[in-house]
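In what follows, a structure is listed as structure tokens, so that the remarks can point back to it.
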Amino acid sequence: MPVLLLDDDEVRARLDAATAVRAVRAALLSAHHDDLVAPPRVRAALGAGDLVVTAGHLRSRQLFGFRAYDTLVGAEQLVAVWSTADGRLRAVVHGAELGARRTGAIGLAGTEVAVAAALCEAVPR
């Protein structure tokens with residue numbers, strides 16, 4: 001299986017808002033059910049900024065990987081994903097678009113949860 005290599009144009013073409021929101025919802029549920037391991041991000045101080053790395057392991061999908069970005073110059077972000085089944089690299093994404101779509105999806109998924117909680121509280125028991 002070849003490695004999937006995506007840049008910002010490919011992310012725009014392949015990842016619409018609805019799919020991004022579904023993925024974030026699924027990740028939140030996976031974390032809730034202890035299927036997703038996502039430790040706190042790690043920052044390496046580089047003087048005028050940091051190199052930041054986040055990592056995760058989605059057990060049920062047999063995938064793990066990282067996202068790296070900086071606060072130094074706004075360089076391209078890098079995401080890499082491997083299979084735990086065979087250790088093969090599955091995907092590499094570079095650019096800023098995946099991070100932007102992820103952030104937007106987190107905002108919408110969080111709003112959905114807040115609205116659902118408010119509706120539940122508004123209904124008399």
Side-chain angles (χ1 to χ4, degrees):
M1 172 180 273
V3 175
L4 182 63
L5 178 59
L6 304 174
D7 62 12
D8 283 346
D9 290 337
E10 286 288 322
V11 170
R12 283 185 203 96
R14 293 172 177 243
L15 182 62
D16 61 26
T19 303
V21 171
R22 278 193 305 275
V24 166
R25 272 195 225 110
L28 292 171
L29 286 170
S30 292
H32 177 73
H33 294 290
D34 293 325
D35 181 41
L36 174 63
V37 178
R41 69 191 71 207
V42 176
R43 292 180 170 271
L46 301 176
D50 297 337
L51 178 63
V52 184
V53 178
T54 62
H57 176 202
L58 186 55
R59 293 177 179 133
S60 63
R61 299 286 303 272
Q62 296 184 308
L63 298 170
F64 72 97
F66 71 87
R67 173 179 171 233
Y69 60 95
D70 77 292
T71 64
L72 187 65
V73 298
E76 285 189 319
Q77 299 176 26
L78 176 68
V79 175
V81 179
W82 290 266
S83 167
T84 59
D86 59 15
R88 293 185 57 142
L89 183 64
R90 298 298 173 155
V92 175
V93 183
H94 65 96
E97 192 63 30
L98 182 60
R101 288 177 186 241
R102 174 189 159 276
T103 300
I106 289 170
L108 183 54
T111 300
E112 289 175 347
V113 169
V115 168
L119 289 173
C120 287
E121 289 176 9
V123 175
R125 294 180 188 207

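The structure displayed is predicted, hence computed values, not measured ones. By convention here, the first residue in the shown sequence is residue 1.
Taking each heavy atom of G99 and Q77 in turn, the nearest pair found is CA-OE1, 3.8 Å. Residues D35 and S60 come closest through the heavy atom pair OD2-OG, 2.6 Å. Scanning all heavy atoms of the two residues, the minimum distance from V24 to A105 falls at CG2-CB, 3.5 Å.
Atom CZ of R61 is surrounded by 12 or fewer heavy atoms from other residues, nucleotides or ligands within 6.0 Å.
At a threshold of 4.5 Å between non-hydrogen side-chain atoms, the residues L5 and H94 count as touching. Residues M1 and D86 form no side-chain contact, since every pair of their non-hydrogen atoms from C-beta on lies 4.5 Å or further apart.
Checked by atom type and distance alone, the side chain of R59 pairs as donor or acceptor with a backbone atom of D34 at under 3.5 Å. Put simply, the side chain of D8 gets close to the backbone of A96: a donor and an acceptor are under 3.5 Å apart.
Transitive grouping of hydrophobic side chains (ILVMFWY, heavy atoms separated by less than 4.5 Å) keeps I106 and F66 in distinct clusters. Under the 4.5 Å side-chain heavy-atom criterion for grouping Ile, Leu, Val, Met, Phe, Trp and Tyr, L89 is connected to L78 within one hydrophobic cluster. L15 and V79 fall within a single hydrophobic cluster, where Ile, Leu, Val, Met, Phe, Trp and Tyr side chains are chained together by heavy-atom contacts under 4.5 Å. Hydrophobic clustering keeps L4 apart from V92 (ILVMFWY residues linked when any side-chain heavy atoms are closer than 4.5 Å, directly or through intermediates). Linking ILVMFWY side-chain heavy atoms closer than 4.5 Å, directly or via other members, places V81 and L58 in two distinct hydrophobic clusters.
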Requested in this report: Assess whether side chain to side chain contact (heavy atoms under 4.5 Å, CB included) is satisfied between R12 and R101, documenting all intermediate values.
Outcome: CA-CA 9 Å; R12 283 185 203 96; R101 288 177 186 241; 3.3 Å; yes

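A distance of 13.5 Å separates CD of E97 from CZ of R102, quoted to the nearest 0.5 Å. To the nearest 0.5 Å, atom CG of residue D9 and atom CZ of residue R14 are 12.0 Å apart. Rounded to the nearest 0.5 angstrom, H32 NE2 and L29 CG are separated by 7.5 Å. Atom CG of residue L108 and atom OG1 of residue T103 lie 13.0 Å apart, to the nearest 0.5 angstrom.
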Throw together a table of side-chain donor-acceptor distances under 3.5 angstrom for residues 40-55, partners on residues two or more places apart or in other chains.
residue : atom : partner : partner atom : Å
R41     : NH1  : Y69     : OH           : 2.5
R43     : NH1  : D50     : OD2          : 3.0

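Relative orientation of the W82 and F64 rings is parallel, given thresholds of 30° and 60° on the angle between their planes.
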